[in-house]
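Per chain, numbering begins at 1; letters A, B, ... match sequence-line order.
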Number of protein chains: 2
Amino acid sequence: MTEKPRPLRADAARNRARVLQVAYETFAEEGAGVPIDEIARRAGVGAGTVYRHFPTKESLFQAIVADRLRQIVEWTRAQAAADPGEGLYAFLFQMAEQGATDLGLTEAFAGSGFDLAAALPDAEKEFTEMMTEILAQAQRAGTVRPDLDAADIKTLVVGLQAMRRFRGDSDLMRRVYPVIRAGLAVPDSPEPSTRGSGTERLGSA
Amino acid sequence: MTEKPRPLRADAARNRARVLQVAYETFAEEGAGVPIDEIARRAGVGAGTVYRHFPTKESLFQAIVADRLRQIVEWTRAQAAADPGEGLYAFLFQMAEQGATDLGLTEAFAGSGFDLAAALPDAEKEFTEMMTEILAQAQRAGTVRPDLDAADIKTLVVGLQAMRRFRGDSDLMRRVYPVIRAGLAVPDSPEPSTRGSGTERLGSA
DNA sequence: ATAAAATCGGGGCGCTCGTTCCGCTTAGGA
DNA sequence: TCCTAAGCGGAACGAGCGCCCCGATTTTAT
């Protein structure tokens, strides 16, 4: 591992930064399916330039998702430090709002053709640890029911992002948040056992 | 509109039925993105045969989604007739389970590149009416909070399907259902006002 | 200023997929 | 049985996209 990180030429560094920024915005708007040519066009460079800095489209996408995850972890930790009981709720609703603005991130989470844990094991691990922590904090503070774990929270994030994306309208979304919040609160009476569990079959074709 | 529905030749009718059945299963497994060639192969016919019966891939997909919607409406009405207070819950959890088995339907609902209301206005209308009815029934029975409308229910369906798809494991899903159910119940104490509303911004790239 | 090295851009290759076309096959009435 | 038109399959076309290549251009050390 004799690192010889020859310093990037000035124009190359500029282009690389520009591509990253533009890819960031473009993946957010259009999702992971957007053609590289489109990103190149918006960045004012050729497709070849994109590929010199990032060997594949996938690697560019990963770089951006990793950065996003880091931001979210940092932001959430700050929120939870300020108010441990509310940290988890702040996180959940922030994630939902990301669903409205960042299609790429939503796809990375929902895992349609993108395995987060396999592609970015470190970032995924840190993210999961953060969720585990703020969930435990909230449960200790008594604001969240104790029978949930980090995997349940991740599931809720996927659901919230899907809902938020479905409803471009953020006003209407305010009607659904309270439902989720009420559901996450510590129940003060024994739960009615869940009926049916949805395993009854529909007739087929 | 001089209908002259010349009766299909026997082999043609057989092929048409086979294509429909196979397409049904294939869209469910692979989603709307599956190539027509794959459906043709599974049905044991040529691609040309598929296109003779359905002018475009889109029209084939629509035919199947319309059928699915009809089944669901029928099934749900029966459930609600048997137990008005539980009808909505049966519907919601059934929809979630569909998320696990029918990718095509999930995509049709979530509306990624498929506008249900525009493509199948009649089926969509009947579906929405059904939801409105069973929601009203449940609210009258006192099992669901009164401050929700059919659009909110549709949003929840999208979220539940995304979650169910994310979690291939149905056991774990049993942990999330109770949360949703608790959230939908009539609150017995005034709601804490939703904090923050998630509009704080994350730093960008 | 000058030349070597790094970088650029965009045309092109290979592949996938929706849709069409057409020569061959087969159902089914006379 | 025979004829005709409905039906069939799969080769082929065109569009979109990831990725590569190479002659032209720009940076930077001397």
Side-chain angles (χ1 to χ4, degrees), chain A residues 3-24 26-27 29-65 103-104 107-108 112-115 119, chain B residues 3-24 26-27 29-65 103-104 107-108 112-115 119:
Chain A
E3 286 296 312
K4 189 130 190 268
R6 194 193 310 245
L8 230 40
R9 228 170 70 175
D11 55 343
R14 199 172 15 217
N15 274 337
R16 190 190 145 89
R18 182 156 179 69
V19 165
L20 257 180
Q21 173 64 30
V22 168
Y24 198 96
T26 309
F27 280 134
E29 280 174 37
E30 312 284 344
V34 61
I36 282 288
D37 282 17
E38 171 67 13
I39 294 175
R41 202 182 51 73
R42 291 201 200 187
V45 302
T49 300
V50 176
Y51 278 101
R52 192 160 325 94
H53 292 300
F54 303 92
T56 64
K57 181 186 178 182
E58 180 79 6
S59 71
L60 175 56
F61 187 67
Q62 286 178 15
I64 283 163
V65 170
L103 179 53
E107 290 172 343
S112 303
F114 184 78
D115 186 340
Chain B
E3 286 296 313
K4 188 123 190 274
R6 194 194 310 246
L8 233 39
R9 227 169 72 174
D11 56 343
R14 202 171 14 216
N15 275 337
R16 191 191 143 89
R18 182 155 180 70
V19 165
L20 257 180
Q21 173 64 29
V22 169
Y24 198 97
T26 310
F27 279 135
E29 280 174 36
E30 312 285 345
V34 66
I36 281 287
D37 283 16
E38 171 67 13
I39 294 175
R41 202 181 52 73
R42 290 201 202 188
V45 302
T49 300
V50 176
Y51 277 99
R52 192 158 325 93
H53 292 300
F54 302 92
T56 65
K57 181 185 177 183
E58 180 79 6
S59 71
L60 175 57
F61 186 67
Q62 286 178 14
I64 283 164
V65 169
L103 179 53
E107 291 172 342
S112 303
F114 183 78
D115 186 341

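The nearest pair of heavy atoms linking A/A13 to A/L8 is CA-CD2, 4.0 Å. Among all heavy-atom pairs drawn from A/Q62 and A/A119, the shortest one is NE2-CB, 3.6 Å. Residues B/V22 and B/I39 share a closest heavy-atom pair of CG1-O, 3.7 Å. When every heavy atom of B/D37 is checked against every heavy atom of B/A47, the shortest pair comes out as OD1-CB, 3.7 Å.
Contacts with DNA chain C (heavy atom under 4.0 Å) in residues 48-63 of chain B: B/Y51, B/T56, B/K57, listed by number. Residues from residues 34-45 of chain B lying near DNA chain D, meaning a heavy-atom separation below 4.0 Å, are B/G44, B/V45 in numerical order.
Looking only at distances, no side-chain donor or acceptor of A/E107 sits under 3.5 Å from a matching main-chain atom of A/G31.
Bounding nucleotides for the chain B contact on DNA chain C, 5' to 3', at a heavy-atom distance below 4.0 Å, are C/dC17 to C/dG28. Protein chain B contacts DNA chain D over a range whose 5' and 3' limits, counting nucleotides with an atom under 4.0 angstrom from a non-hydrogen atom, are D/dA6 to D/dG10.
Applying the ring pair (Phe, Tyr, Trp, His ring centres under 6.0 Å) criterion to B/F114, with sequence neighbours excluded, gives B/F61. Considering only residues two or more places apart in sequence or on other chains, B/D11 meets the salt bridge (charged side-chain N to carboxylate O under 4.0 Å, His left out) condition with B/R9. Listed by chain and number, the residues in a side-chain hydrogen bond (donor to acceptor under 3.5 Å, both in side chains) with B/R14 amount to none (sequence neighbours excluded). Applying the side-chain contact (heavy atoms from CB on, under 4.5 Å) rule to B/A40 yields the partners B/V45, B/V50; only residues at least two apart in sequence or on another chain are considered.
Counting non-hydrogen atoms under 4.0 angstrom, A/A10 reaches the backbone sugars and phosphates but no base.
Residue whose closest nucleotide on DNA chain C sits further toward the 5' end, between A/R9 and B/D11: A/R9. A residue-by-residue look at B/A13 and A/R14 shows that B/A13 has its nearest nucleotide of DNA chain D further toward the 5' end.
For DNA chain C, runs of at least 3 consecutive pairs of the Watson-Crick or G-U wobble type, with both hydrogen-bonding distances under 3.5 angstrom, map to C:1-30 with D:1-30.
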(message) Show, in sequence, the C-alpha distance, side-chain angles and deciding distance for B/V65 and B/F27, and conclude whether the side chain to side chain contact (heavy atoms under 4.5 Å, CB included) test is met.
(response) CA-CA 10 Å; B/V65 169; B/F27 279 135; over 6 Å; no

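If you take OG1 on A/T26 and CD1 on A/I36, they are separated by 9.5 Å, rounding to the nearest 0.5 Å.
For residues 39-49 of chain B, the salt bridge (charged side-chain N to carboxylate O under 4.0 Å, His left out) pairs, not counting sequence neighbours, are B/E29-B/R42, B/E30-B/R42, B/E38-B/R41, B/E38-B/R42. Within the structure, the salt bridge (charged side-chain N to carboxylate O under 4.0 Å, His left out) test picks out no pair touching residues 45-62 of chain A (sequence neighbours left out). Note on residues 31-57 of chain B: no pairs pass ring pair (Phe, Tyr, Trp, His ring centres under 6.0 Å), not counting sequence neighbours.
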